[in-house]
Q: 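Below you will find the structure I want to go over with you.
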Amino acid sequence: MEPILKGRGLVKRYGKVTALDNCDFDLYPGEILAVIGDNGAGKSSLIKAVSGAVIPDEGDVFLEGRKVKFTSPTDARKEGIETVYQTLAMSPALSIADNMFMGRELRKPGFRGKILRQLDRSRMEQIARDKLTELGLMTIQNINQAVETLSGGQRQGVAVARAAAFGSKVIILDEPTAALGVKESRRVLELIQDVRARGIPIILISHNMPHVFEVADRIHVHRLGKRLCVIDPKDYTMSDAVAFMTGAKQAPDLAA
Amino acid sequence: MEPILKGRGLVKRYGKVTALDNCDFDLYPGEILAVIGDNGAGKSSLIKAVSGAVIPDEGDVFLEGRKVKFTSPTDARKEGIETVYQTLAMSPALSIADNMFMGRELRKPGFRGKILRQLDRSRMEQIARDKLTELGLMTIQNINQAVETLSGGQRQGVAVARAAAFGSKVIILDEPTAALGVKESRRVLELIQDVRARGIPIILISHNMPHVFEVADRIHVHRLGKRLCVIDPKDYTMSDAVAFMTGAKQAPDLAA
Amino acid sequence: MAGHADDYESVIKTTKSEDVAKFAAHRKGALSKLQHALHVNPALVPLFVLLASIAVFGLLLGSKFFSPFALTLILQQVQIVGIVAAAQSLVVLTAGIDLSVGAIMVLSSVVMGQFTFRYGLPVEVAIALGLVCGMICGYINGWLIAVMKLPPFIVTLGMWQIVLATNFLYSSNETIRAQDIEANAPLLQVFATKFNVGGAVFTVGVVFMVVLMLFLSYVLKQTAWGRHVYAVGDDPEAAQLSGVNVKGVLISVYVISGLICAFAGWALIGRIGSVSPTSGQLANIESITAVVIGGISLFGGRGSILGALFGALIVGVFTLGLRLAGADAQWTFLLIGALIIGAVAVDQWIRKVSA
Amino acid sequence: MAGHADDYESVIKTTKSEDVAKFAAHRKGALSKLQHALHVNPALVPLFVLLASIAVFGLLLGSKFFSPFALTLILQQVQIVGIVAAAQSLVVLTAGIDLSVGAIMVLSSVVMGQFTFRYGLPVEVAIALGLVCGMICGYINGWLIAVMKLPPFIVTLGMWQIVLATNFLYSSNETIRAQDIEANAPLLQVFATKFNVGGAVFTVGVVFMVVLMLFLSYVLKQTAWGRHVYAVGDDPEAAQLSGVNVKGVLISVYVISGLICAFAGWALIGRIGSVSPTSGQLANIESITAVVIGGISLFGGRGSILGALFGALIVGVFTLGLRLAGADAQWTFLLIGALIIGAVAVDQWIRKVSA
Amino acid sequence: EAHGASACLITKTDTNPFFVKMREGAEAAAAEAGMTLRSYAGKVDGDHETQVAAIETCIADGASGILLTASDTSSIVGAVTQAREAGLLVIALDTPLSPIDAADATFATDNFLAGELIGKWAAAKLGDGAADAKIAMLDLAVSQPSVDVLRDQGFLQGFGIELGDPNVIGDEDDARIVGNDITAGNEEGGRKAMENLLAVDPMINVVYTINEPAAAGAYEALKSFGRENDVLIVSVDGGCPGVQNIADGVIGATAQQYPLLMASKGIEAIAAFAADGTKPQNTEGKDFFDTGVALVTDEPADGVDSISVAEGTDLCWG
Ligand SMILES: Nc1ncnc2c1ncn2[C@@H]1O[C@H](COP(=O)(O)OP(=O)(O)OP(=O)(O)O)[C@@H](O)[C@H]1O
Ligand SMILES: Nc1ncnc2c1ncn2[C@@H]1O[C@H](COP(=O)(O)OP(=O)(O)OP(=O)(O)O)[C@@H](O)[C@H]1O
Ligand SMILES: O[C@@H]1[C@H](O)[C@H](O)CO[C@H]1O
Ligand SMILES: [Mg+2]
Ligand SMILES: [Mg+2]
């Protein structure tokens, strides 16, 4: 099968630091691919390179077999690739609804929308509220609250809800549950499975091994800026995975 | 036994949002107190109120039985209370060593230090390197790297290392392992236990139940801005704790 | 491999139908409501300061100040700064600053005048070219800032000098006299057209200023482009990552700012009658003052453009009020200086109380 | 209750003695080393621009420009801006801006002069009081910014007007003539004292500027206070949470800035011979220009103070160079505008390449 | 009876001692006539909008008349007309409006004449040397306000240099002009401009300056190059420090104006107008009331009338 999203020979350097060192990467249709690795291994750099947030120094990215050159996240979004970055990418002073619909606002129907270009605030707010409720983020008291007034976890929930609502081809989640509570994390995992059920493949970066092993179809182990191996969670234990990614144990061949 | 750090009737409001709603809080000498609760329950607000980062609207904080009024984190630090905030509180453009020693820089011995007030950079760098190595944060390639160039997890590691190095009376950690990898999280847990072995009590906010149950002596369950109950991890299961904090199950009396 | 022993997370599956948490509301009556209103709509704060200062000067000076003549005079005196402040507000909302506004305004007015009188172009064409001139200057600013990623302060500082020098070199410092304009190209003075509304005299320029502000306020609040302006000012990196065309927004903001400045140049001809290349030297500082007194953050992303209108009016009220009260020029400058600090302090204070 | 089944975390306990990861180093020789040097020490970028512009004008104009005469002249012409730029740099590093620098400078020099001549105080005392005057102005700025939390732009905009008006009101715009000062209080002119070093003529003022810059550069890099200045500029909230006395640092920065401006006022007396209340009107814009051309970020926390010295010199080199090349005042004005943009563009470009 | 009437004084700036004196003169005359005086000023030279706003304020304030030194002599005409239509007497001080009859009267020095006087004097001083003089022109500002142009061009004409466009500074192509630079009318600018021009040609021997502070700055520059004794500096204003500078050899000659006189005459005229509506008359044969300009120097030159420093000191700021 042809990977839906593929990276080959990706290199990204920051001054003296090599974040991606000739890295390959494959995501197959309909799967949940987990990416695991030490802090600083280059996981975020990898997904930034495939989602247009950084332009790799070398290497190519292929979407459905076509070579693509994303120069901004907007390019990737236009292709249906939606990403939750580790830094969340929210405008702190704007409201939750504003943030969720940033760059794809809904306009009122008819004259007011077409000619006056007026936004349909109530519809956007309603949708935002629904998405957050789906995630169980029920402690948010006011949908018009500025994002900067949310707790760390609430903020992350909003970002995940945004990606899930809009991704049509690939959804990338960089540590989506890092700041989430037990309940909210669980909802995100359920959401991930819902999304896969809709046929959309997902890349999930996470340090939470039980979560990874619960939902992933394949696990990409990242180490020192490159793909060390890809394993099937049914064939290996969490201990094995941790041992590979920390270098405690020799990794198997790339297969899986 | 008298709590070393105590809060009574703490209230903190942000506009229409009530983050702390008449909340009590106790930390006893030598213990690890975990604080758990949903996103937005008010955990961060609580520890900010007891560490001087926000001034509560109402209520009192007691340190070793004395009523204290911290008006800034510096006040609390002077009393030996060291905090890792959820936002990490680092100066992005400054180096790791600069950040670790911010506010308590080491000066060179003799004339150059006393009169010229020159900093002892090499000593600070050495100590910073040692502390990071203790935490197993070995992917950091350059101790003079600006903090903004670190990965999310590396940054968190630096913040934890700073608190552990300087806290003398109480150490407060707000989700210290949220962005950390498996290996690095483990090191932080070990570090927490080391610190307790030195007799210093710790407040640990975390959403990771296995970690909480592994290290905590008591668990403060926070819900809707107040302390719901305090439980002993030996008497309850993780399921119980989660059920209490999400409101799925009636909480026991405050005891424990 | 999902089977780790204590399946504590399963607890949650039973609790899906929870309600939004409700904390006890705490209300303290009228004052608290006012605070909340000010907090939700921060443009009200400068409006409040404005009304307070009108009241104070009204009490102090009586009918001299509190007459339709004096009050509409203030409107006429602030119209240019007000229009320029609209341009400045857009830029400041993107966390920029535009020091070249006054220079662009003057160059545009000189283009309108000289193209009519020196080259004999139809006045409509000359005016259109003047507006285009403003947009070009704005485009250069925007391109340098958005594409070359240079800091706005520097770009517009440089452009200020470049545009102003171009203006002097091109115009040879020649003024086009009001009488000539009146005779040959009255359209240039159209912003001076007066009409009477119940004793108060308004000019087209004043109406233009108010309508422009209302229009931009609508655009900023009710359209996607407006939200993007705020997002770019708030955190450009986040805006970029969440799909805003940051470059496009920045360039459009500077082009529109240039266009508004060119309109200000047209209005300036109406206000002073003639085309004078030495006007507008203080427009940048004055517009920034209006913007900040109006509560728009210089760090971008926060504030309402109507605040800038109120900010301009506050300065106008103070200036006229102090003059009528007999303060001499240096005392007026000194007191306006104190006002600037005072107005922002009040603003800050109200926000803090209501936070 | 630590017993959850798959104890995968135990794997790690065996791997404690790992080494620091090493990626393959990629080196591209001399150019790459230069880039790295520029990246590590960004003050080198404006130095580079400075040397390049000296070289260009030297080639263009030959010995007319490349003479000890012309080169030391530049130093003398930039000394006042250079000193003020030192003050401005400190403020800008804290993410502030000081529009009142020129006004404080002039008021301090007027105090030194008038206290000597009007009240007959011993000149040393008058000078000391002039320095105190600068510090008081700085303190007011700092207090409003740090304690009242008002934006620096607004506070110093207001103070600019207040201090300048005070200056004019107090001095009645009267100049104290150079000849009177020479006869009665030569200490006021001490910054003009000349000495010869190998054909080049230096003044105390020039030496003061250079020593001040080197001293501040040491303080900023090598002392705790210096690191705190950067931290406050970088992220004041983070600095506060990590134990920096943000208010204290801010107030001290503005007080020191005021003191340096007062020294600039003293140096100004040396430079122009007389005490003149109308000087220094452009000192704020010129010092900010120097600071930004020198690569210090207006958003705070980034840049080296030596950059500001180079920035001031770059402007000085261009101004004199263009005059020598025959540009008239209006063209020079225009070209300096272009230079400002150009210098920052080069700076940005070098940084990008080396990032 | 003018008692109780009020008048306005609007100057270009009030940071220039010239205007400070003008205001003092007006205040004294107003006090004597029992009138109230309100004074206004622009922030910088060329700040036209503030002057327009000031005229409007005077109308709102119900003043009887306005004394105005206009920053922009033709643009201000609209506002002046509005004031006159509202029944105010408008008198231009120091700087004539364009057209001059836009004001009810003009009490002024002739700035072009002032420049011409010092130009003639400098040429006469140099004698034959005038043919190969090296002249530095220290002007006011890049915006070239009208005083700047008038004095500069007057000086050149007086010196015997052919003008280009008489409304533009710096378009002459006489080789004797080393260059023009701007001073902002203060010492700092004067010194820097002088240094710049000395770098162009160190052998400059005639320096025209827009005003006396600029001249003092230019002198400091010359002094630092040891050339203060072989250069002729001329200036305009005749302020007390400026006249003293002639005595001290800093300036060779200056064209003295009389701001106090302008102001007091102006107030008297407004008082008369307020009392019975009479309007002031022009000087015989001129279209304005000439308050006079005199060349002050202790080295009189043939063919140029001048007064001594002693006389100048008596009259300074008069
Ligand atoms: N903008 C940058 N400038 C310089 N270095 C950077 C930058 N971004 C990342 N790096 C470096 O690149 C390396 C890889 O970073 P990256 O963020 O991809 O790691 P990660 O695997 O996502 O780590 P984590 O699990 O902690 O998020 C790190 O060493 C980091 O310091
Ligand atoms: N500065 C602020 N302004 C307004 N509201 C705030 C602010 N800080 C916190 N809040 C609100 O207070 C409530 C408690 O927030 P807090 O950060 O204490 O929660 P938390 O328990 O730490 O959550 P998390 O686990 O997600 O970190 C939230 O509803 C949040 O939106
Ligand atoms: O017109 C004025 C006066 O004539 C005086 O010389 C001051 O400077 C000019 O602007
Ligand atoms: Mg990452
Ligand atoms: Mg929290």
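Just so we're on the same page: letters track the sequence lines, and every chain starts at 1.
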Q: Could you check which of A:Leu116, A:Val212, A:Leu189 has the highest count of heavy-atom pairs closer than 4.5 Å to chain C?
A: A:Leu116
Q: Which residues in residues 226-240 of chain C have a heavy atom less than 4.5 Å from any heavy atom of chain A?
A: C:Arg227, C:His228, C:Tyr230, C:Ala231, C:Asp234, C:Asp235, C:Ala238, C:Gln240
Q: At a heavy-atom separation under 4.5 Å, does A:Arg121 approach chain C through its side chain, its backbone, both, or neither?
A: side chain
Q: Tell me the closest heavy-atom pair linking A:Asn208 and A:Pro210, and the distance in Å.
A: OD1-CD, 3.0 Å
Q: Quick test of your reading of the model: are A:Glu148 and C:Arg302 salt-bridged, counting only N-O distances below 4.0 Å?
A: yes
Q: Can you list everything that forms a side chain to side chain donor-acceptor pair (under 3.5 Å) with A:Asp75? Sequence neighbours excluded, please.
A: A:Thr71
Q: A:Pro92, A:Ser72, A:Ala53, A:Gly103: which one forms the most heavy-atom pairs within less than 4.5 Å of chain C?
A: A:Pro92
Q: Is the distance between the ring centroids of A:Tyr236 and A:Phe244 less than 6.0 Å?
A: yes
Q: Using a strict 4.0 Å threshold on nitrogen-to-oxygen distance, state whether A:Asp174 and A:Lys43 make a salt bridge.
A: no
Q: May I ask you to name which of A:Asp98, A:Thr83, A:Asn144 has the most heavy-atom pairs under 4.5 Å with chain C?
A: A:Asp98
Q: Counting the benzene-type ring for Trp, do A:Phe166 and A:Phe101 have ring centres under 6.0 Å apart?
A: yes
Q: So what's closer than 4.5 Å to chain C heavy atoms on A:Met90: side chain, backbone, both or neither?
A: backbone
Q: With a distance cut-off below 6.0 Å to the six-membered ring centre and an angular limit of 45° from the axis, does A:Lys12 pair with A:Tyr14 as a cation-pi contact?
A: yes
Q: Could you check whether C:Phe208 and C:Phe263 have their ring centres less than 6.0 Å apart?
A: yes
